[in-house]
Amino acid sequence: MYEPVDKSFFEAPGLELAKQLVGQYIVHELPEGRIVARIVETEAYQGPEDRAAHSFGNRRTKRTEIMFGDAGLVYTYQMHTHTLINVVAGPVGTPHAILIRAVEPVEGHALMRENRGPKLKEVDWTNGPGKLTVALGITMDYYGHHWSHKPLFISKGERLGPIEAGPRVGIGNSGEAVHYPWRFYEIDNPFVSKYRK
DNA sequence: CTACTGATGGTCT
DNA sequence: GACCATCAGTAGG
């Protein structure tokens, strides 16, 4: 069924990996059941040159430390009241990361509905980086986990439609980096967090 | 459909 | 004490 990808999957350069992640499955195996979701939107953050990255200028703190480690590690962090989740990219010492911005439910719909609340429509369960972690049951405890290991892992999926590149979301004060087209998403997929004019 | 806004708490200086 | 890689709500076209 669903098996983790090989560790070597994560060795691609940051921008390449961000594109390749679109279409892959995130699988979370919980005692209550299995949740599977397809990645439809990602963003690449490439410290130390990227003003918008937490690791800009090789800033190395308790929070960013994991990005200096192996590709494929899980980088979680808190944004206001939400948990956001990333895939570490680049060789050891290069603090790149890919933010998972939106996914599409594949399996475990009942669990996701339970996690997000019975009043919400399915499209609102996972169409944003802070929403999908709640839906999938992902917490800060996964900081430093590896995406090739159970119970939370990336599994081979399929690209269903063409993807498009555009500027990243929510990084207002980042100078030139604001315009870099480092956001990748499946065109017309209803779970993509937002479309720009 | 878009645009704006208040709530929110962890992290870093 | 400032700064957010956000969300849910509301108001209006």
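These numbers come from the heavy atoms of this one structure, side chains and all, not from hydrogens, waters or symmetry mates. Here is how names work: the chains are called A, B, and so on, in the same order as the sequence lines, proteins then strands, and each is numbered from 1.
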Under 4.0 Å, heavy atoms only, any strand: does [X] hit a base, just the sugar-phosphate, or nothing?
| X | value |
| --- | --- |
| A:N86 | base |
| A:L99 | base |
| A:R116 | sugar-phosphate |

Can you name the residues that form a side-chain contact (heavy atoms from CB on, under 4.5 Å) with A:T76, not counting sequence neighbours? A:V74, A:T83, A:I85, A:M140, A:Y143
Nucleotides 8-13 of chain B: protein proximity per nucleotide (B base, S sugar-phosphate only, - neither; heavy atom, under 4.0 Å): BB-SSS
Please report the C-alpha distance between A:L73 and A:H145 in whole Å, then the side-chain angles of each, then the deciding distance to 0.1 Å, and finally whether the side-chain contact (heavy atoms from CB on, under 4.5 Å) criterion is met. CA-CA 6 Å; A:L73 286 167; A:H145 175 74; over 6 Å; no
Validation row: [X], [Y] side chains within 4.5 angstrom (heavy atoms):
| X | Y | answer |
| --- | --- | --- |
| A:D70 | A:V92 | yes |
| A:L160 | A:V40 | no |
| A:V27 | A:V36 | yes |

So if I take residues 117-130 of chain A and measure heavy-atom distances to DNA chain C, which residues fall below 4.0 Å?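 Residues of residues 117-130 of chain A under 4.0 Å from DNA chain C: A:G128, A:P129, A:G130.
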Where chain A begins and ends its contact with DNA chain C, read 5' to 3' at 4.0 Å from heavy atoms: C:dC4 to C:dA8
Please assess A:L84 against A:T133 for the test side-chain contact (heavy atoms from CB on, under 4.5 Å), listing each intermediate value before the final yes or no. CA-CA 7 Å; A:L84 275 59; A:T133 52; 5.7 Å; no
Can you run through DNA chain B from 5' to 3' and write each base as (, ), [, ], | or . depending on how it pairs? Watson-Crick or G-U wobble, both distances under 3.5 Å. |||||||.||||.
For residues 89-108 of chain A, pull every pair meeting side-chain hydrogen bond (donor to acceptor under 3.5 Å, both in side chains), keeping only residues two or more places apart or in separate chains. A:R34-A:E107, A:R38-A:E104, A:E41-A:R101, A:Q46-A:H96, A:R101-A:S193
Under the salt bridge (charged side-chain N to carboxylate O under 4.0 Å, His left out) definition, can you give me all pairs with a residue in residues 54-63 of chain A, not counting sequence neighbours? A:R60-A:E65
Quick one: name the residues clustered hydrophobically with [X], using the 4.5 Å side-chain heavy-atom rule over I, L, V, M, F, W, Y, and just say none if it's on its own.
| X | result |
| --- | --- |
| A:W182 | A:L15, A:V22, A:I163, A:Y180, A:F184 |
| A:F68 | none |
| A:F56 | none |

Restricting to ring pair (Phe, Tyr, Trp, His ring centres under 6.0 Å), what partner residues turn up for A:Y45, sequence neighbours left out? none
Does any pair with a residue in residues 21-43 of chain A pass ring-ring contact (aromatic ring centres under 6.0 Å, His included), and if so which ones, sequence neighbours excluded?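 Qualifying pairs: A:Y2-A:Y25, A:H28-A:Y142.
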Assign each of A:K131 and A:N173 the nucleotide of DNA chain C bearing its closest heavy atom; nearer the 5' end lies the nucleotide of A:N173
